[in-house]
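Notes follow once the structure below has been shown.
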Amino acid sequence: MAQSAGKPDGPKQSRAEIAARAQREAQRKERLREWLIVGGVVAAVAAVIIGVLVFTGNDDDGGAEADAPGVGDSAAAGGSGDSTGGAAAPGGGDTANLVGEVTPDYGFAFGDPDAAHRVVVYEDFLCPFCGALEASTSDQLTELVDSGEIVVEYRVFNLLGRISDYSLRSANAMAVVMDAAGPEAAKTFHDLLYDQQPAESGPYPDDDWLVEQAVVAGADEDAVRPGIEDLAFEDWVGEADDAAVDNGVQGTPTVLVDGTEIGGSTIEEMTQNILAAVS
């Protein structure tokens, strides 16, 4: 009797549970549908916002780019009118008539813009092979620049930053000198750094030393010290790094003459090939 009396209760309870579950499932689906609607609206609004940001960002006239160094007047900075401060460039060449500019390709160009040939050198002030090439070519290239036959463009970047921050600090210092004291002081500063280049393994010159070399090159200390110590052109040097990679530069020195890469199995051979290409 107990079993037969209890049979009807079991199925009734199961149907109630089933109905409750069905109701809960219907409520869940309704909430899901509402969430999907709200999510779709949010996604659409986000897409519109992103589109506006991208559009306005692309419409920016280069405002996001790092400030590039200008071409300063070392007579104004140093007050003497002699941008080399009486110091001869280590290469021995006369840079008194040097015309200089900062190029859109993150370079420092020296020479007559109308010259027949353009020599582009990708370099890192810490790279020993760059130092060797500089020692091998400096006299001849400086003479060709002064005679108006070539333009030399040094694209200094931070290739060896994994070894030392000297690569960054020296490239920044070159930009600071160009910005504050002009092309003649910058060229002399460039030559001084290679003339006293540290070993790749160190020890590495500090900021005070860079300031000292800038002053020897003809810059005023007060004009260059803040920019050297604060890495005023760090972002610009970073963009120079990216530009070098984009241009396929994989090592230093990389030399182009009139857009054609000049190679050589040794520094001496590379020197001969560079001079032959501009003769």
Side-chain angles (χ1 to χ4, degrees), residues 65-66 68-71 89 91 93 95 98-160 167-168 170-175 177-179 183-184 186-191 193-194 197 233 236-279:
E65 294 182 359
V71 181
T95 60
L98 207 60
V99 177
E101 65 172 352
V102 178
T103 73
D105 297 310
Y106 304 94
F108 306 96
F110 304 104
D112 185 346
D114 296 325
H117 301 286
R118 191 177 195 90
V119 179
V120 174
V121 184
Y122 285 92
E123 60 183 9
D124 182 315
F125 282 122
L126 186 58
C127 166
F129 299 107
C130 297
L133 182 67
E134 173 66 19
S136 180
T137 62
S138 180
D139 287 348
Q140 298 96 319
L141 293 183
T142 299
E143 290 175 3
L144 291 169
V145 166
D146 289 336
S147 67
E149 297 178 54
I150 68 170
V151 170
V152 176
E153 180 182 347
Y154 297 105
R155 297 182 183 175
V156 183
F157 69 111
N158 179 19
L159 177 70
L160 300 177
S167 293
L168 169 61
S170 56
N172 171 77
M174 176 79 171
V177 173
M178 186 72 153
D179 185 68
E184 294 176 26
K187 178 60 168 63
T188 303
F189 180 76
H190 169 276
D191 295 347
L193 294 198
Y194 276 122
Q197 185 181 43
F233 293 105
W236 187 80
V237 174
E239 290 182 2
D241 301 344
D242 295 338
V245 172
D246 291 343
N247 289 333
V249 176
Q250 298 180 345
T252 53
T254 294
V255 180
L256 309 175
V257 175
D258 300 330
T260 300
E261 184 170 348
I262 304 299
S265 57
T266 64
I267 292 297
E268 290 76 15
E269 183 178 343
M270 181 179 286
T271 299
Q272 294 172 1
N273 293 340
I274 292 170
L275 297 176
V278 298
S279 62

Separation between [atom1] of [X] and [atom2] of [Y], rounded to the nearest 0.5 Å:
| X | Y | atom1 | atom2 | result |
| --- | --- | --- | --- | --- |
| Leu168 | Leu126 | CG | CG | 12.0 Å |
| Thr137 | Ile267 | OG1 | CD1 | 9.0 Å |
| Glu123 | Ser170 | CD | OG | 9.5 Å |
| Glu149 | Glu143 | CD | CD | 10.0 Å |
| Met270 | Leu133 | CE | CG | 6.5 Å |

Within the structure provided, determine whether [X] and [Y] are in side-chain contact (heavy-atom separation under 4.5 Å).
| X | Y | value |
| --- | --- | --- |
| Pro183 | Val71 | yes |
| Glu134 | Asp191 | yes |
| Thr142 | Lys187 | yes |
| Leu160 | Cys127 | yes |
| Phe233 | Met174 | no |

Closest non-hydrogen atom pair, [X] against [Y]:
| X | Y | answer |
| --- | --- | --- |
| Trp236 | Val102 | CZ2-CG1, 3.8 Å |
| Asp258 | Ala116 | OD1-O, 4.1 Å |
| Val278 | His117 | O-CD2, 3.4 Å |
| Ile262 | Ala277 | CD1-CB, 4.2 Å |
| Pro113 | Val99 | CD-CG1, 4.3 Å |
| Gly148 | Ala115 | O-CB, 3.4 Å |

- Message: Apply side chain to side chain contact (heavy atoms under 4.5 Å, CB included) to residues Phe189 and Leu193 and explain how you reach the verdict.
- Response: CA-CA 6 Å; Phe189 180 76; Leu193 294 198; 3.6 Å; yes
- Query: Where the side chain of Asp124 meets the backbone of Asn158, is there a donor-acceptor pair that is under 3.5 Å apart?
  - Reply: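 No; zero donor-acceptor contacts below 3.5 Å.
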- Item | Asp241 (side chain) donor-acceptor with Phe157 (main chain) under 3.5 angstrom |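 No; judged by distance alone, with no hydrogens or angles, the pair does not exist.
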Which pairs of donor and acceptor atoms, one on a side chain in residues 246-255, lie under 3.5 Å apart (sequence neighbours left out)?
| unit_1 | atom_1 | unit_2 | atom_2 | d |
| --- | --- | --- | --- | --- |
| Asn247 | ND2 | Tyr122 | OH | 3.0 |
| Asn247 | ND2 | Ala243 | O | 3.2 |
| Thr254 | OG1 | Gly251 | O | 2.6 |

- Message: Check the orientation of Phe125 and Tyr194. Use parallel for under 30°, tilted for 30 to 60°, and perpendicular for over 60°.
- Response: tilted
Run the side-chain donor-acceptor check on residues 105-112: report pairs under 3.5 Å with partners two or more places apart or on a different chain.
| unit_1 | atom_1 | unit_2 | atom_2 | d |
| --- | --- | --- | --- | --- |
| Asp105 | OD2 | Arg155 | NH2 | 3.3 |
| Tyr106 | OH | Glu239 | OE1 | 2.9 |
| Asp112 | OD1 | Asp114 | N | 2.9 |

